[in-house]
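Below you'll find the structure, written out as structure tokens, and then a few comments.
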There are 2 protein chains.
Amino acid sequence: MQRSIEPRKKPRQARAAATVEAILQAAAHILEREGLAALNTNHIAERAGVSVGSLYQYFPTKQAIMTEIIRRKRRRLVDAITLSLQAGEGESFDERLDRLIAAAIEHQIEWPRLARNLEIAEAFLPLQEETEALNQALADKIGCFLGHQGIGDVAVATMDLIALVRGMIDAAGLAGETDRTFLAERIGRAARGYLLLPQAAVKTRSMGHSKGIAQRRGSGPTHRR
Amino acid sequence: MQRSIEPRKKPRQARAAATVEAILQAAAHILEREGLAALNTNHIAERAGVSVGSLYQYFPTKQAIMTEIIRRKRRRLVDAITLSLQAGEGESFDERLDRLIAAAIEHQIEWPRLARNLEIAEAFLPLQEETEALNQALADKIGCFLGHQGIGDVAVATMDLIALVRGMIDAAGLAGETDRTFLAERIGRAARGYLLLPQAAVKTRSMGHSKGIAQRRGSGPTHRR
DNA sequence: GAGAAAAGCGAGTAATCGCTCAGATAATAG
DNA sequence: CTATTATCTGAGCGATTACTCGCTTTTCTC
């Protein structure tokens, strides 16, 4: 039932490498311009200027193509975050936070529909593990940064910050915003509020049927199963 | 090319109404437990304990089923937001904000994968108009609430707040969190930071190739096309 | 150059899945 | 009861599309 999503074979000649690039390029292009529904293997091959046969030499399934695109994008994100943290070494907390936010915006806002369609495509791919790993990698880097700031629960804070930043950038991107500075300023306010405002004393205003065990506080997010 | 997404006919007998409910129930169940990829009409019918034929008596297309689920969920959201604002009339800003956040959490966290998959499914449905209308309805209510707080650009603020809150709740839900109080407190900090922290003077630290026209400021989000 | 290996081709196959329709069954009316 | 209307059934049609395979062309090796 479940077919492979791993690449089939490595290209050995230059033209083969070019073919692989053309395929990925074409798929990304279709995702940005025509949407997920238009993404079928015949169309990808056509747009890439190769035959379906060639496509299937390097990717055993259509999902493998999407997987590779997602993996590359993730690699770029991790790199960008890493770089932005390195670049800001020695700077103030505020400056470094701004760098982080700017890097995230730059990464996500350039091709907003591609970004969104990739997130959607993930729903059809068996990538939960890799997603966890990515989040872990980001959490490590960002958590290390936050750790120096006396933030309490670093794991939770990291998850929240990523979610907050992603949510706001995605919404802005889909709304057609291109002014990165304005967006960065707004995200910065939310992030600073999250990180710096005092934690409210836990008023136990009961909040509906709280059917969970009162776990949590300083042990990281609970993962299902 | 585009088929209808409106219900086909109203059930007139009790058992027919039960059939419709069973179908919607089954579809939602599949979305929560098995994911979007497993959502096909044969499977829905099977799980609902009816035949495909019956399914197509009430829903002309598969998309019509998803549309109905989404519409119901939206109706519940608007109702919950409205109620939470009414309930808090006369209370302080802080209390009302907390009510809003609690309502959003209650709405989104119960079936987190269903919520996520519905958002994804929307990408395949011709619901832009309704989505705009929903956002407008929420923006009106929330904007009216925010308007009394001296927030500058209410439209942008509303969009940002919704994105921020949704992002954080979704992430927490998918991570398996069930402690609503803890989550509400964190979201509250981010929201308050966004709303109450002073807008930073616009430092023109150039942020990459800012290829957009410097539009924006106080005129609401720019929508594509 | 010859031979081998890699890359490319694209018509065709097979599987999936949305959806129909001809007829069976149940509820309701008179 | 009969007639009528509402509901339900599920085998299978049709369209889409992921994927294969036998063959050709290009590049590499010696």
Side-chain angles (χ1 to χ4, degrees), chain A residues 1-27 30-31 34-69 121 123-126, chain B residues 1-27 30-31 34-69 117 121 124-126:
Chain A
M1 183 148 199
Q2 175 120 287
R3 305 193 38 142
S4 172
I5 60 166
E6 300 306 321
R8 182 164 268 170
K9 76 179 186 190
K10 282 267 167 69
R12 306 194 168 193
Q13 301 175 2
R15 65 174 175 156
T19 297
V20 170
E21 291 312 305
I23 291 166
L24 294 172
Q25 200 56 31
I30 291 168
L31 283 178
E34 304 176 56
L36 243 186
L39 193 82
N40 63 67
T41 51
N42 295 318
H43 192 184
I44 296 173
E46 184 191 25
R47 167 132 245 143
V50 303
S51 75
V52 243
S54 295
L55 187 155
Y56 277 97
Q57 288 221 344
Y58 304 103
F59 301 97
T61 61
K62 175 179 148 182
Q63 298 197 332
I65 301 172
M66 314 236 274
T67 302
E68 180 60 20
I69 295 177
F124 299 91
L125 266 39
Chain B
M1 185 151 198
Q2 176 118 287
R3 306 194 37 142
S4 172
I5 59 165
E6 300 307 321
R8 183 165 264 170
K9 75 179 189 192
K10 286 265 168 69
R12 306 194 168 194
Q13 299 177 4
R15 66 173 174 155
T19 298
V20 169
E21 292 312 306
I23 290 165
L24 294 172
Q25 201 55 32
I30 290 168
L31 284 178
E34 304 177 56
L36 246 185
L39 192 81
N40 63 66
T41 51
N42 294 317
H43 192 183
I44 296 172
E46 185 191 25
R47 167 133 245 143
V50 303
S51 74
V52 242
S54 296
L55 186 157
Y56 277 96
Q57 290 224 341
Y58 304 103
F59 301 96
T61 61
K62 175 180 147 179
Q63 298 196 333
I65 301 171
M66 315 238 272
T67 301
E68 180 61 19
I69 295 177
N117 284 327
F124 301 92
L125 266 39

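Within every chain, numbering begins at 1; the chains are lettered A, B, ... in the order of the sequence lines, protein sequences first and strands thereafter.
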Q: Starting at atom NZ of A/K62, determine the distance to atom C1' of C/dT16, rounded to an integer number of angstrom.
A: 13 Å
**Q.** Nearest atoms (heavy-atom pairs only) where A/H43 meets A/A38
**A.** ND1-O, 3.0 Å
(Q) Output the rounded distance in Å from CG (A/L39) to P (D/dC19). (A) 12 Å
(Q) Base contacts versus sugar-phosphate-only contacts with protein, heavy atoms under 4.0 Å: please encode nucleotides 2-10 of chain D as B, S and - from 5' to 3'. (A) ----SSBBB
Q. What pair of heavy atoms forms the shortest contact from B/I44 to B/I65, and how long is it?
A. CD1-CD1, 4.2 Å
Q: Answer whether the closest heavy-atom distance between the side chains of B/Y58 and B/L24 falls below 4.5 Å.
A: no
Q. Does C/dG18 have OP1 or OP2 sitting under 4.0 Å from an N or O in the side chain of B/T41?
A. yes
Q: Could you check B/N42 against A/A37 and say which one's nearest nucleotide on DNA chain D is further toward the 5' end?
A: B/N42
**Q.** Audit row: B/N117, B/L39, side-chain contact (heavy atoms from CB on, under 4.5 Å) steps and yes/no
**A.** CA-CA 10 Å; B/N117 284 327; B/L39 192 81; over 6 Å; no
(Q) Without decimals, in angstroms, what is the distance between B/Q63 CD and C/dC17 P? (A) 16 Å
(Q) Once hydrogens and angles are ignored, does a donor-acceptor distance under 3.5 Å link the base of D/dC19 to the side chain of A/N40? (A) no
Q | Length of the line joining B/E46:CD and D/dA11:P, which is rounded to integer Å | A | 12 Å
Q. Has B/Y56 got a side-chain N or O lying under 4.0 Å from the OP1 or OP2 atom of C/dT20?
A. no
Q. Any idea which heavy atoms bring B/S51 and B/A45 closest together, and the distance?
A. C-CB, 3.8 Å
Q) Would a 4.5 Å heavy-atom cut-off, applied to side chains only, mark B/F59 and B/T67 as touching? A) no
